[in-house]
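Everything numeric in this text was worked out from a predicted model, so none of it was measured. Numbers restart at 1 for each chain; the letters A, B, ... are given by sequence-line order, proteins then strands.
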Protein chains: 2
Amino acid sequence: MSPSPNDLTPVAIPEPTLKRLPYYYKFIQGQREARREFVSCTTLAEALGLNAIQVRKDLQATGAVGRPKVGYHVEATLDAIEECMGYHNTQDIFLVGAGHLGQALLAYPGFSEFGFNVVAAFDSDPAKVGTEFAGKPILEASRLSDLVRRMHIQIAILAVPATAAQTVTDTLVQAGIRAIWNFTPTRLAVPKEVLVQDENLLASLSVLSKQLENSRVKSHKESTHGKPEEL
Amino acid sequence: MSPSPNDLTPVAIPEPTLKRLPYYYKFIQGQREARREFVSCTTLAEALGLNAIQVRKDLQATGAVGRPKVGYHVEATLDAIEECMGYHNTQDIFLVGAGHLGQALLAYPGFSEFGFNVVAAFDSDPAKVGTEFAGKPILEASRLSDLVRRMHIQIAILAVPATAAQTVTDTLVQAGIRAIWNFTPTRLAVPKEVLVQDENLLASLSVLSKQLENSRVKSHKESTHGKPEEL
DNA sequence: TCCATATCGATAAAACCTTATCGAAACTCC
DNA sequence: GGAGTTTCGATAAGGTTTTATCGATATGGA
Ligand SMILES: NC(=O)c1ccc[n+]([C@@H]2O[C@H](COP(=O)([O-])OP(=O)(O)OC[C@H]3O[C@@H](n4cnc5c(N)ncnc54)[C@H](O)[C@@H]3O)[C@@H](O)[C@H]2O)c1
Ligand SMILES: NC(=O)c1ccc[n+]([C@@H]2O[C@H](COP(=O)([O-])OP(=O)(O)OC[C@H]3O[C@@H](n4cnc5c(N)ncnc54)[C@H](O)[C@@H]3O)[C@@H](O)[C@H]2O)c1
């Protein structure tokens, strides 16, 4: 296949951009409710505390087009983001590990907004198996493999204890899972065609704490600028 | 203050590095339990599915030093990471919003491992106020401001509904909070000296889903390489 | 109608993060 | 003791993401 000039292969959108798009989407939805027809990068940037140029680049990545001095058409831009992010195509998802965190995720109604549908949870605890949580059935963990296969589930949420993380992962992979949203603090070993998105909450909190310490050192340095106040 | 050559201001450690350090820490702890005295970047990289050079750079950022052909001293490196990340200095933290997600966080024992101590939760729901969850008291939301001030709390976890996010944030900021770990899908407006770490779960899942779609397109393209099977 | 201004798109520059290269150190085995 | 090999640290090269620049375009008011 020669590289034709109108090769429609979409250049992969940078992950930071993908993470910001939901914010734009939500804000522009608000603009629609306020009966605004257009929204500019400047407005978006100001509302979200971002850089206007960055917002423009991000929107460009979705295929949305704007008009100078006017901005982006609200409806068209919402469509562009939906299309780009695939909010239309609903995805069925399994959750493994219906513990504290798993139940919070089961109870969360927000997923459907972006086309996600958590259809069932799996747990190894006999006390939980057979019950429902937030209207979702909790099934016996041993059925996971079979159901992933039969229902062609592509995405799984991993919320089991760290000790079970790799074992469950292996099961999922063998059953043909394509992507894992991993809440355990474990780096999963998977074949390269399987995607993993790590959600290491503890690591994120550590980052925040460390940045806080940095900022303390910095502001302290600034405030004592040249004056050895203590020591 | 002239920029002295031996300025000990630590160069800020990149966020990606900070997020990886907990993985190294955990793995090296395992090595200690296995009575190993040294660990090499190669080993770490292989176990965690990372690039050895990256691991080396990350460890260098913590101040750990290694020996050629031998690797890094397990104890010394654990110390270096602890020191660098501040796992020693325990931080008292407040949680605001003891709903599904908030309760999962309250129940999580892992925080203490890295020196975090969630001391109390705050909620506006009278049914929850006055109760305990996982041994942590749930207090009346109106007391938040006063207690942040009096207890010099620096970090807050925000797990309230999106509609309450900015209001609660304003309260926290006025009370002198320094950092917010934000689980709401809202971009918070805060003064620049206040740090915010966004944990937008829905956005992360969207990223995964989008990458999955990309990989599908790619592999499909590869498999039909040059043959217009459909169309 | 024309000018001032806001905003877009394209392109370039800067900052940041990841990966590669290479000499030197330290261990093993012969 | 020396050859071979692994690994480190430093530095450079490569990529990616963010920010800046600039000409072009659309709008509103003089
Ligand atoms: N709760 C939090 O706030 C939090 C924070 C950060 C990280 N995490 C991580 O998320 C994961 C889950 O945390 P949690 O607090 O929900 O733990 P939890 O113990 O409350 O829940 C774990 C659930 O997994 C089930 N389980 C165990 N082995 C299983 C298996 N092989 N197959 C299926 N189910 C199995 C258990 O029965 C339990 O219901 C852990 O890895 C934890 O480290 C949780
Ligand atoms: N549950 C999830 O899995 C999940 C996933 C992604 C994002 N989130 C976000 O996390 C946040 C919390 O989600 P949740 O599922 O726990 O919601 P939830 O409704 O279960 O809990 C919210 C809690 O906040 C309390 N609250 C409301 N207003 C308050 C105020 N002004 N001050 C103090 N407390 C107040 C409520 O009483 C309730 O207990 C939401 O913003 C949600 O969008 C949750």
Side-chain angles (χ1 to χ4, degrees), chain A residues 5 10-21 23-24 27-28 31 36-74 76-77 80-81 84 187 192 198 203 207 210-211 214, chain B residues 5 10-21 23-24 27-28 31 36-74 76-77 80-81 84 187 192 198 203 207 210-211 214:
Chain A
V11 173
I13 298 177
E15 180 164 332
T17 295
L18 292 176
K19 286 215 163 188
R20 286 186 295 264
L21 287 174
Y23 293 113
Y24 305 151
F27 181 81
I28 300 174
Q31 298 297 96
R36 296 200 178 286
E37 205 179 346
F38 292 92
V39 61
S40 75
C41 292
T42 323
T43 313
L44 269 163
E46 208 148 298
L48 301 174
L50 298 169
N51 180 317
I53 296 157
Q54 185 169 62
V55 173
R56 191 173 304 131
K57 274 217 124 194
D58 288 344
L59 289 180
Q60 266 172 46
T62 68
V65 289
R67 281 162 51 189
K69 174 82 188 190
V70 178
Y72 292 80
H73 192 258
V74 164
T77 307
I81 297 177
C84 164
R187 294 273 314 176
K192 63 182 180 315
D198 287 310
V207 170
K210 175 67 182 173
Q211 288 171 345
N214 278 356
Chain B
V11 173
I13 298 177
E15 180 162 333
T17 295
L18 293 177
K19 286 214 164 190
R20 286 187 295 263
L21 287 175
Y23 293 112
Y24 306 150
F27 181 81
I28 300 174
Q31 297 298 96
R36 293 200 179 287
E37 204 180 348
F38 291 92
V39 61
S40 75
C41 291
T42 323
T43 314
L44 269 164
E46 209 148 294
L48 300 174
L50 298 170
N51 180 317
I53 295 156
Q54 185 170 64
V55 174
R56 191 171 306 132
K57 274 217 124 196
D58 287 345
L59 290 181
Q60 266 173 47
T62 68
V65 291
R67 280 163 51 188
K69 173 80 188 197
V70 178
Y72 293 80
H73 192 258
V74 164
T77 307
I81 298 177
C84 165
R187 293 275 312 178
K192 65 180 178 321
D198 287 309
V207 170
K210 175 68 182 176
Q211 288 171 344
N214 278 356

For DNA chain C, which ranges pair as stems of 3 or more consecutive Watson-Crick or G-U pairs, with both donor-acceptor distances under 3.5 Å?
->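 Consecutive-pair runs (3 or more) involving DNA chain C: C:1-30 with D:1-30.
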
Side chains of A/Y24 and A/L48: does their closest heavy-atom pair fall under 4.5 Å?
->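 Yes, at least one pair of side-chain atoms sits under 4.5 Å.
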
Roughly how many Å is it from [atom1] in [X] to [atom2] in [N], rounded to a whole number?
X	N	atom1	atom2	result
A/L44	C/dC8	CG	C1'	14 Å
B/I13	C/dT18	CD1	P	13 Å
B/I53	D/dC8	CD1	P	11 Å
A/D58	D/dT19	CG	C1'	13 Å
B/R20	C/dT19	CZ	C1'	12 Å

Ignoring backbone atoms, establish whether A/N51 has a side-chain N or O less than 4.0 Å from OP1 or OP2 of D/dT18.
->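 So the side chain of A/N51 is outside the cut-off, no N or O lying under 4.0 Å from OP1 or OP2 of D/dT18.
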
Tell me whether the OP1 or OP2 atom of C/dA6 has a side-chain N or O from A/Y72 closer than 4.0 Å.
->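 No, outside the criterion.
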
On DNA chain C, check which nucleotide each of B/K57 and A/T42 is closest to and give me the residue with the more 5' one.
->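 Whichever sits nearer the 5' end wins; that is A/T42.
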
Determine, for nucleotides 22-30 of chain C in 5'-to-3' order, which nucleotides have protein heavy atoms under 4.0 Å from the base (write B), from only the sugar-phosphate (write S), or from neither (write -).
-> ---BBB---

Short question: side chain of B/K19, backbone of A/V207 - any donor-acceptor pair under 3.5 Å?
->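 Pair absent, no side-chain N/O of B/K19 close to backbone of A/V207.
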
State whether the side chain of B/K210 and the backbone N or O of A/C84 hold a donor-acceptor pair below 3.5 Å, judged by distance alone.
->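 Checking the backbone N and O of A/C84 against the side chain of B/K210, a donor-acceptor pair under 3.5 Å is found.
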
Which of these nucleotides, C/dT7, D/dG9, D/dT21, is closest to any side-chain atom of A/S40?
->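 Nearest to the side-chain atoms of A/S40, counting from C-beta on, is C/dT7.
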
